[in-house]
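All remarks here apply to the structure that follows.
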Amino acid sequence: MTYQNQLTPSQREAVSHIEGPLLILAGPGSGKTCVIMHRIAALIASGVKPYNICAITFTNKAAEEMRQRVSVMGIATGSHISTFHSLCVRLLRQYADKAKINSNFSVYSSADQAKCIKQAVKICELDKANFPPSKMLDAISSLKNKLVTAESFKENATEFFPKMLARIYTQYQNILTKCDALDFDDLLMKTAFLLQDNPDVCSEIANRFKFLLIDEYQDTNHAQYKIAKSLASLHSNICAAGDPDQSIYRWRGADIGNILAFEKDWPDAVVVKLEENFRSKPEILKMADKLIEKNQNRKQKKLIPTKPPAADVAITEFEDEAEEADGIAQKIRQLVEQGISVRDIAVFYRVNSMSRTIEEAFIENQIPYQIVRGTEFYNRKEIRDLLAYLKVLVNPNDQTALLRIINTPTRGIGKTTIDRINVYAVAHNISFFEALGKVKDIESLSAAPKAKVAVFVNMLEKFQKYVSGNVKPDCNQKVAVIAERVFVESGLKKSLEVSGDTENSALENANELINAAALYDQQTEEASLLDWLQQISLFSDTDAYDASNERVSLMTLHAAKGLEFGNVFIVGLEDGLLPHERSSTDKDELEEERRLFFVGITRAKEGLYISYSRYRTIHGQMLRAVPSQFLYELGSDFVKTNSNAMQQQSEPSYTIDEIPEFFTGQAVKHEKFGYGRIKEFVDMGQSSIVVVRFNTGQTKKLMVKYANLSKVDIQ
DNA sequence: GGGAGAGCAATTTTT
DNA sequence: TTGCTCTCCC
């Protein structure tokens with residue numbers, strides 16, 4: 001987004017309210033980020049110390065960008081700019097005793113969480129078929145986001161399932177506590193309770209952060225909301241900015257109600273609407289508007305174009321995903337020939353797995369690209385292994401990390417040995433790490449494993465010497481140096497070299513991690529291994545997106561939030577994909593999918609190319625695909641193949657045939673499922689859909705044109 | 001203790 | 001189709 005020096009009247013208003021609560025309802029492309037910047041500048045100009053400003057962004061990437069811009073604008077740095085999670089890490093470390101945790105806590109990522117929840121389910125002696133660990137984790141996460149602790153949930157659980165969940169939740173928390181570990185949700189929950197239960201701490205922090213700015217407020221969850229409210233309750237200088245139409249993280253506990261109810265929470269709040277759009281051409285906005293107005297649960301908002309018309313907008317049908325990918329590649333080549341930079345082109349998709357076909361087409365067509373992907377890098381085995389070593393050095397109680405490295409690379413310490421050590425640890429009521437140190441006392445172990453464990457323990461002790469002095473801020477040992485030494489001396493490097501597959505990318509990745517550490521050393525004043533580990537556990541690869549790369553960007557629609565490109569491709573506009581099949585039954589979830597598509601559309605400045613395929617391979621099977629209902633919602637103007645925009649040969653699949661209409665309650669018969677009644681009929685012409693409840697008890701969603709339903713006359 | 005092979009499911013999105 | 005887990009066997 002380019003900087004406007006001259007603000008529009010509404011933008012100026014948003015900037016000028018210094019004191020008191022302020023809500024900025026900003027549409028896409030309204031220059032919201034820019035306004036926030038100006039506001040920070042205005043605060044400082046009016047005498048507020050940078051130190052007293054706390055700006056909260058949604059991603060680390062956004063925080064980094066804002067930090068940069070603040071310094072570019074010549075505003076004295078020193079304000080706190082970070083995500084909620086980073087802020088929580090800092091606060092929890094600072095007030096660890098009040099929060100009743102150890103300050104050297106590990107932050108558990110989803111992979112670590114998965115291990116702990118499995119263990120918890122196992123300890124509870126529950127069947128993982130009936131209590132799938134991932135589902136349990138989702139449930140626990142959502143409880144934590146609502147600030148429901150294991151204890152309070154247990155008290156209120158009366159039914160069978162909640163009771164079992166309470167047991168698992170309690171057990172899961174026990175495991176985390178034993179490891180001195182916090183998961184992402186704990187970071188928020190513990191901070192919210194820290195502020196709630198310690199008024200002194202709360203006022204101390206609120207006194208430092210006298211001015212609170214929160215971006216993407218529509219995607220805050222209850223815990224984040226409470227944290228913000230606690231801090232702001234003392235001074236009311238809270239500025240929330242966001243767009244309810246761009247709320248796409250409901251599945252993660254985000255509550256769109258937070259932004260919708262801001263005016264109730266802060267009755268004297270000033271509300272500023274930013275409805276002008278400086279990003280997209282009118283045709284694109286018209287499309288976005290047409291789509292989003294189908295959502296029931298929203299506040300009416302205008303999208304006012306400021307750019308002249310003549311956008312390139314197309315909806316194109318392809319035969320299958322390979323042709324779709326190829327069509328996009330061809331179109332991109334065309335755009336490049338017209339002088340458009342690949343840097344200004346992006347491809348969005350609903351699920352990460354869809355990137356593969358596109359990558360293949362890009363490689364074939366020699367189009368440079370970068371994938372902006374979730375947590376791929378930090379999920380790699382070699383990265384997690386190396387990090388596990390470092391985590392153990394900082395937090396020896398981190399049993400998940402310890403178990404990961406005890407036999408990686410293989411050093412002959414197997415399951416049996418580990419089990420026996422564990423039995424000893426439990427019997428003597430000491431931690432697993434402590435038991436390792438007393439390995440010679442463990443009678444169940446014979447000489448050989450004892451010796452192997454001793455070697456391992458010696459190695460860890462040696463490593464800890466590298467670190468000691470580093471856990472505290474007064475360190476002089478560089479994080480990168482420690483990481484490098486551990487990488488080499490643990491044998492990890494050697495094992496990667498030996499097993500070096502084709503290109504040995506594992507080795508490269510590990511080196512990249514060490515490089516990242518070196519960068520951190522350089523940029524951070526009080527660098528420490530602990531701080532680095534706690535910070536990077538919050539990173540994702542989305543943060544690695546580099547806008548200056550001469551490459552086409554590939555990313556999920558979620559990752560596209562907050563970005564903009566001259567030309568945007570959105571692929572796979574098919575039923576089951578967008579809206580995703582797991583979200584298509586629930587009305588609220590369907591609205592969120594619609595918002596997701598809305599976010600994708602409104603990233604585009606000049607060109608928007610939407611496509612879908614008639615066939616798509618899912619789990620290795622080529623299946624017939626149905627165009628997304630969202631395409632029909634865009635209206636008849638849009639539902640056509642625009643062969644100028646994207647060249648391809650297949651014929652438009654829409655011929656106007658007679659499609660029977662149904663009404664709710666109508667009795668029908670299906671060849672396979674037998675008799676049933678219509679629950680819902682969605683009239684979309686050729687693609688009309690019926691939801692039928694069959695007498696077998698099943699409810700099916702069917703395409704009328706394929707279902708071959710016959711109407712039955714029964715009362 | 002570790003590797004090979006069978007069997008089974010299918011993570012949507014990410015701090 | 002892939003990728004993961006579990007079991008079995010050396």
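Throughout, a chain's letter reflects where its sequence line sits, starting with A, and its residues are numbered from 1.
Positionally, the nearest nucleotide of DNA chain B for A/Gly412 lies more toward the 5' end than for the other of A/Gly412 and A/Thr83.
Taking atom CD1 of A/Ile371 as the reference point, atom P of B/dT13 lies 13 Å away to the nearest angstrom. Taking atom CG on A/Asp586 and atom C1' on B/dT12, their separation rounds to 15 Å, with Å as the unit. Distance CD (A/Glu589) to P (B/dT13): 15 Å, rounded to an integer number of Å.
The listed nucleotides are B/dT11, B/dG1, B/dT14; the one nearest the side chain of A/Trp251 is B/dT14.
The shortest distance between the side-chain N/O atoms of A/Asn145 and the OP1/OP2 oxygens of B/dT15 is not below 4.0 Å. Under 4.0 angstrom from either OP1 or OP2 of B/dT15 there lies no side-chain N or O belonging to A/Arg252. Between B/dT12 and A/Asn352, no contact under 4.0 Å exists linking OP1 or OP2 to a side-chain N or O.
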* Asked: Does the side-chain contact (heavy atoms from CB on, under 4.5 Å) test come out yes or no for A/Gln173 and A/Tyr169, once each step is laid out?
  -> CA-CA 6 Å; A/Gln173 272 329 97; A/Tyr169 187 1; 3.8 Å; yes

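Side chain to side chain, A/Ser613 and A/Glu323 fail the donor-acceptor criterion of an N or O pair below 3.5 Å.
Aromatic ring orientation, A/Tyr249 versus A/Phe58: tilted (interplanar angle from 30° to 60°).
In this structure a side-chain-to-backbone donor-acceptor pair under 3.5 Å is present from A/Asp186 to A/Asp183.
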* Just by protein heavy atoms under 4.0 Å, how would nucleotides 1-6 of chain C read 5' to 3' in B, S and -? -> B---SS

Pull out every protein N or O sitting under 3.5 Å from an N or O of nucleotides 7-10 of chain C, one pair per line with the distance.
none

Table of protein N/O atoms under 3.5 Å from nucleotides 3-8 of chain B N/O atoms:
none

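Stacking of the aromatic ring of A/His85 onto the base of B/dT15 is not found under the criterion of centres within 5.5 Å and planes under 30°.
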